[in-house]
Peer 1: 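Have a look at the structure that comes next, please.
As a basis for the values below, the full set of heavy atoms in this structure was taken, side chains included, without hydrogen atoms, waters or symmetry mates.
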Amino acid sequence: MKRTISTLSTIRGTMIGTEIMSKQKLRPGGVIINVASAFAFDNYPSAPVFVSENNGIIGFSKSWGATPNYTNTKVRCVVICPAAIDGIDLRNSLGISAGEPGKDSQNTSSTRSTSTSVGRGIVYCVQHASSGTVWFVEGTGLFKAHIPDRLEYSQKIRYV
């Protein structure tokens, strides 16, 4: 239940933040950074609620940050998705046992983020990111996600 409340808090916080910073209130606009996990795009059968919650934050932020909303409010909405952060063990949160094959190999030190790299990523997004975009922090790198439009990746299948 905590995770559902967390997602609702993200949505409510975004709506309140937009109202406060909106040009409709004669304010200059601003930036809202929502945080999801890079694990939203991985397959974790033992943590489907965690994965779906983060997918929801990404979908909500992309929609809230879409051009019509930004044009109307001048508030950019961006989502940043850090990988596992050094010093934080996600196995318990994700319901993964220490010996579960395949999961520990995905969290090697080369892909784990540092709190500094996440902070720098947030600063970059505040300064430069377009509204409705999704960014990943892996290791010490910041990557702009290219999530395809539904029609870009669709392939028509002929069936009988």
Peer 1: Would you give the length of the straight line joining atom OG of Ser37 to atom CD1 of Ile57, rounded to the nearest 0.5 angstrom?
Peer 2: 9.5 Å
Peer 1: Are the side chains of Val79 and Val35 in contact, using a 4.5 Å heavy-atom criterion?
Peer 2: no
Peer 1: Do you know the tightest heavy-atom contact between Pro48 and Ser46?
Peer 2: CD-C, 3.5 Å
Peer 1: Measuring from atom CD of Glu53 to atom CZ of Phe50, what distance do you get when rounded to the nearest 0.5 angstrom?
Peer 2: 7.0 Å
Peer 1: Determine whether Val137 and Val123 fall in the same hydrophobic cluster, where Ile, Leu, Val, Met, Phe, Trp and Tyr are linked whenever their side-chain heavy atoms lie under 4.5 Å apart.
Peer 2: no
Peer 1: Do the non-hydrogen side-chain atoms of Ile147 and Lys62 ever get within less than 4.5 Å of each other?
Peer 2: yes
Peer 1: Heavy atoms, side chains only, cut-off 4.5 Å: are Lys23 and Thr73 in contact?
Peer 2: no
Peer 1: According to a hydrophobic-cluster definition based on side-chain heavy atoms being under 4.5 Å apart (Ile, Leu, Val, Met, Phe, Trp, Tyr only), do Leu142 and Val126 belong together?
Peer 2: yes
Peer 1: To the closest 0.5 Å, what do you measure between CD1 (Ile16) and CD1 (Ile32)?
Peer 2: 10.0 Å
Peer 1: For Ala129, does its backbone N or O pair with a side-chain atom of Thr133 as donor and acceptor, under 3.5 Å?
Peer 2: no
Peer 1: Before you tell me yes or no, could you show the steps for Trp135 and Cys81 under side chain to side chain contact (heavy atoms under 4.5 Å, CB included), namely the whole-Å CA-CA distance, both residues' side-chain angles and the distance that decides it to 0.1 Å?
Peer 2: CA-CA 6 Å; Trp135 299 77; Cys81 305; over 6 Å; no
Peer 1: Quick one: pull up CD1 in Ile80 and CD1 in Ile58 and give me the separation to the nearest 0.5 Å.
Peer 2: 11.5 Å
Peer 1: Using side-chain heavy atoms (C-beta onward) and a distance below 4.5 Å, is Asn54 in contact with Phe39?
Peer 2: no
Peer 1: Has Ser52 got a side-chain atom pairing as donor or acceptor with Val49's backbone, closer than 3.5 angstrom?
Peer 2: yes
Peer 1: Are the side chains of Thr18 and Asn69 in touch, meaning some heavy atoms are under 4.5 Å apart?
Peer 2: no
Peer 1: For Gly132, is there any backbone N or O sitting under 3.5 Å from a side-chain donor or acceptor partner on Arg76?
Peer 2: no
Peer 1: Does Pro68 offer a backbone N or O that forms a donor-acceptor pair with the side chain of Asn72 under 3.5 Å?
Peer 2: no
Peer 1: Could you tell me which non-hydrogen atom of Ile33 sits nearest to which non-hydrogen atom of Val31, and how far apart they are?
Peer 2: CD1-CG1, 3.9 Å
Peer 1: Hey, can you tell me if Phe41 and Phe136 have their rings parallel, tilted or perpendicular (30° and 60° cut-offs)?
Peer 2: perpendicular
Peer 1: Are Val134 and Val78 close enough, and set up right, to give a side chain to side chain contact (heavy atoms under 4.5 Å, CB included), and what steps lead you there?
Peer 2: CA-CA 6 Å; Val134 179; Val78 177; over 6 Å; no
Peer 1: So, Asn34 and Ser61: side-chain donor and acceptor under 3.5 Å apart, yes or no?
Peer 2: yes
Peer 1: Any donor-acceptor pair under 3.5 Å linking the side-chain atoms of Ser117 with those of Thr114?
Peer 2: yes
Peer 1: Could you give the distance from CZ (Phe60) to CG (Leu8), rounded to the nearest 0.5 Å?
Peer 2: 10.5 Å
Peer 1: Determine whether a donor-acceptor pair (N or O, by modelled atom type, separation under 3.5 Å) exists between the side chain of Ser131 and the backbone of Cys77.
Peer 2: yes
